[in-house]
Number of protein chains: 2
Amino acid sequence: MDQINHQRYYDCDDCLFKTISCQYIQKEEFEKLRSKSVQLRYKKGEVILKQGAKSTHFLFLRKGIIKFNYEDENGKNLILSINKAPALIGGANLVNAEFNLFSVCAIEECEGCTIDVALLTRIALGNTLYLFKMLQFITDIFRSSIFNFISLAHKQVNGRIADILIFLSQNIYLSNSFVLSLSRQEFAEFAGCSKENVIHTLRKFHNEGLITLEGKKIVLNDTERLLKISKHG
Amino acid sequence: MDQINHQRYYDCDDCLFKTISCQYIQKEEFEKLRSKSVQLRYKKGEVILKQGAKSTHFLFLRKGIIKFNYEDENGKNLILSINKAPALIGGANLVNAEFNLFSVCAIEECEGCTIDVALLTRIALGNTLYLFKMLQFITDIFRSSIFNFISLAHKQVNGRIADILIFLSQNIYLSNSFVLSLSRQEFAEFAGCSKENVIHTLRKFHNEGLITLEGKKIVLNDTERLLKISKHG
DNA sequence: ATCCAAAGATGAAATAATGCAGTTTTTAAT
DNA sequence: ATTAAAAACTGCATTATTTCATCTTTGGAT
């Protein structure tokens, strides 16, 4: 057997997916899932799921930060959402099993394991509580991206960038001070504006004392005022 | 018994919801659903589901056109998506049953019937194929709104308005010529720009021969060029 | 038919955002 | 340590968008 495909990075007993699953399904059934699953590691920038490809598996993201990326007809990228572990990636295809609507890429080193869609579906169909739990994972990601979009759709760039800073601080890095894993270009693809506009705006926030910029390191000094800018005051 | 609550506008035997349901569940079970259900009619502008309210029922929309509306902290409205019958409204709460995230309003006269969430959930939990079918209804609406947002997030107003015109023509009115059920203000709330910008842009398209504007009546004369504008050419 | 209110339309000034061209800094490779 | 390439930054001209003031049309109410 090919050792590369069977490399173990962590013990499944420590994994949240096992913990949650075993609240609903039998250990033997979980073992079936596990036997079909492979642990994987992704470096920053690596593509986890490719837009347009047939999705044959989910990925349970155990560690790391990812982006959902949509590439349009002109090759322009749009980041739909940024999520951190734990998350079930690729679930949008559980119901309508077709091709991946978006790419998923690691923006920090990631760790997780593949999950066989066909098998998970079969198990979930026989256990509706488990099915609902899996669906919750999936709709959580949908919901978070919709609220990002609401911000995009009716705020100006100041407000959108303030929103993103607050989002990253409160939902991803869980601190007022963080090292941004996004390039300015990616930030712009998330904010729906040009990279120059991101740079100008971040600099303005820095000059006004709202944030402190030191290359990739960002400190939010005045979340209150950022919230006011977000609310378009 | 109060006659008003039992008014019948149409025969359930003609209803797609019955047809679909009865492919999966027993007639007797459908009768239970029907016995808890009430037929309703909504005039243009009426609120079907109210943002923030506890959702006690779904609505199967049998006829008409609706908008999903999100009102922000400042009272500004954003139209997330426009959908036509048939559709299952309120389904976003099937999985995470909490409060309505958005309002749903009729933008054309609508007809439909309420469906008891608790009962539908109970039946669906015992019949996973039916559950999947219901989930498909729900995710369809999610998906359509996400693609609207992609257009919003990385196109300029010309492209967004072209997108909306094409969307309305191909997905809602199913014709190159239609009477717009949205006011200019609502169009702007869908396009994420000012109403003046909508008016200016529609007028420009009219002057360039792309469309013909006659008040609420719009004819798309050159879908090819609109598509080019949408693709930002 | 008349009036009123709401929606639609218009143009111009003010503001916001983009795109460019060039510079500096950072990062990675040798 | 040196170099090359990529990313970050800057200021400015151009373009896009909003906002405002004003005017016209439309569709109900009475």
Side-chain angles (χ1 to χ4, degrees), chain A residues 43-46 72 74-79 107-109 151-164 179-208 211-218 229-230 232-233, chain B residues 43-46 67 74-79 107-109 151-164 179-208 211-218 229-230 232-233:
Chain A
K43 284 196 288 282
K44 183 172 175 156
E46 272 191 283
D72 77 2
N74 307 312
K76 255 179 94 173
N77 289 304
L78 177 74
I79 296 180
I107 60 171
E108 288 284 307
E109 168 143 326
S151 161
L152 277 180
H154 64 164
K155 288 181 187 174
Q156 309 208 148
V157 170
N158 281 342
R160 286 185 248 160
I161 289 186
D163 270 351
I164 289 176
V179 177
L180 190 66
S181 353
L182 300 168
S183 69
R184 299 295 193 258
Q185 178 61 45
E186 285 177 311
F187 200 120
E189 287 165 1
F190 197 24
C193 66
S194 69
K195 67 177 189 304
E196 290 92 339
N197 207 341
V198 170
I199 293 167
H200 289 309
T201 306
L202 287 178
R203 180 61 50 196
K204 194 175 63 186
F205 286 175
H206 173 90
N207 292 339
E208 290 168 354
I211 65 174
T212 305
L213 264 187
E214 258 178 79
K216 292 272 188 190
K217 196 184 162 205
I218 296 182
I229 291 173
S230 155
H232 211 173
Chain B
K43 285 195 286 284
K44 182 171 178 158
E46 272 192 283
K67 65 174 178 181
N74 308 311
K76 257 179 92 172
N77 289 303
L78 177 74
I79 295 180
I107 61 171
E108 287 282 307
E109 169 145 325
S151 161
L152 276 181
H154 64 164
K155 287 181 186 174
Q156 309 210 150
V157 171
N158 280 343
R160 288 185 246 159
I161 290 186
D163 271 349
I164 290 177
V179 177
L180 190 65
S181 354
L182 299 168
S183 71
R184 299 295 194 260
Q185 177 61 46
E186 285 178 311
F187 201 120
E189 287 165 1
F190 197 25
C193 66
S194 69
K195 68 175 189 304
E196 290 91 340
N197 207 342
V198 170
I199 293 167
H200 287 310
T201 307
L202 287 178
R203 179 61 50 195
K204 193 176 65 187
F205 287 175
H206 172 91
N207 291 339
E208 290 168 353
I211 65 174
T212 304
L213 264 188
E214 258 178 79
K216 292 272 189 190
K217 197 184 163 205
I218 297 181
I229 290 173
S230 155
H232 210 172

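Each chain gets a letter, A, B and so on, in the order its sequence line appears, and its residues count up from 1. Because the structure is a prediction, the values reported are computed rather than measured.
- In this entry the distance linking NZ of B/Lys155 with P of C/dT18 reads 16 Å, nearest Å.
- Going from atom CD of A/Glu214 over to atom P of D/dC9 covers 12 Å, rounded to whole Å.
- In this structure, the CD atom of A/Gln156 is 7 Å from the P atom of D/dT18, given to the nearest Å.
- Straight-line distance from the CG atom of B/Leu182 to the C1' atom of C/dG8: 15 Å, rounded to whole Å.
- Looking at the side chain of B/His200, the nearest of the listed nucleotides C/dA17, D/dA8, C/dG11 is C/dG11.
- Across the protein-nucleic acid pair, A/Glu189 atom CD and C/dT18 atom P stand 13 Å apart, rounded to whole Å.
- Residue B/Arg203 has its side chain nearest to C/dA9 when only C/dA9, C/dT18, D/dT17 are considered.
- Among the nucleotides C/dT18, C/dA7, D/dC9, the one closest to the side chain of A/Arg184 is D/dC9.
- Scanning atom types as modelled, no donor and acceptor separated by under 3.5 angstrom connect the side chain of A/Glu196 and the base of D/dC9.
- Spacing between atom CD of A/Gln185 and atom C1' of D/dA6 amounts to 12 Å, rounded to whole angstrom units.
- The NE2 atom of B/His206 sits 15 Å away from the C1' atom of C/dT10 (whole-angstrom rounding).
- Residue B/Ile218 contributes atom CD1, which lies 11 Å from atom P of C/dG8 at whole-angstrom precision.
- Atom CD of residue B/Glu196 and atom CD of residue B/Gln185 lie 8.5 Å apart, to the nearest 0.5 angstrom.
- For A/Lys216 and D/dA8, the shortest distance from a side-chain N or O to OP1 or OP2 is below 4.0 Å.
- The side chain of B/Ile199 lies closest to C/dG8, out of C/dG8, D/dA8, D/dT18.
- Considering every non-hydrogen atom in both A/Val198 and A/Ile161, the closest pair reads CA-CD1, 3.8 Å.
- For the OP1/OP2 pair of C/dG19 and a distance below 4.0 Å, the side-chain nitrogens and oxygens of A/Lys195 include no atom meeting the criterion.
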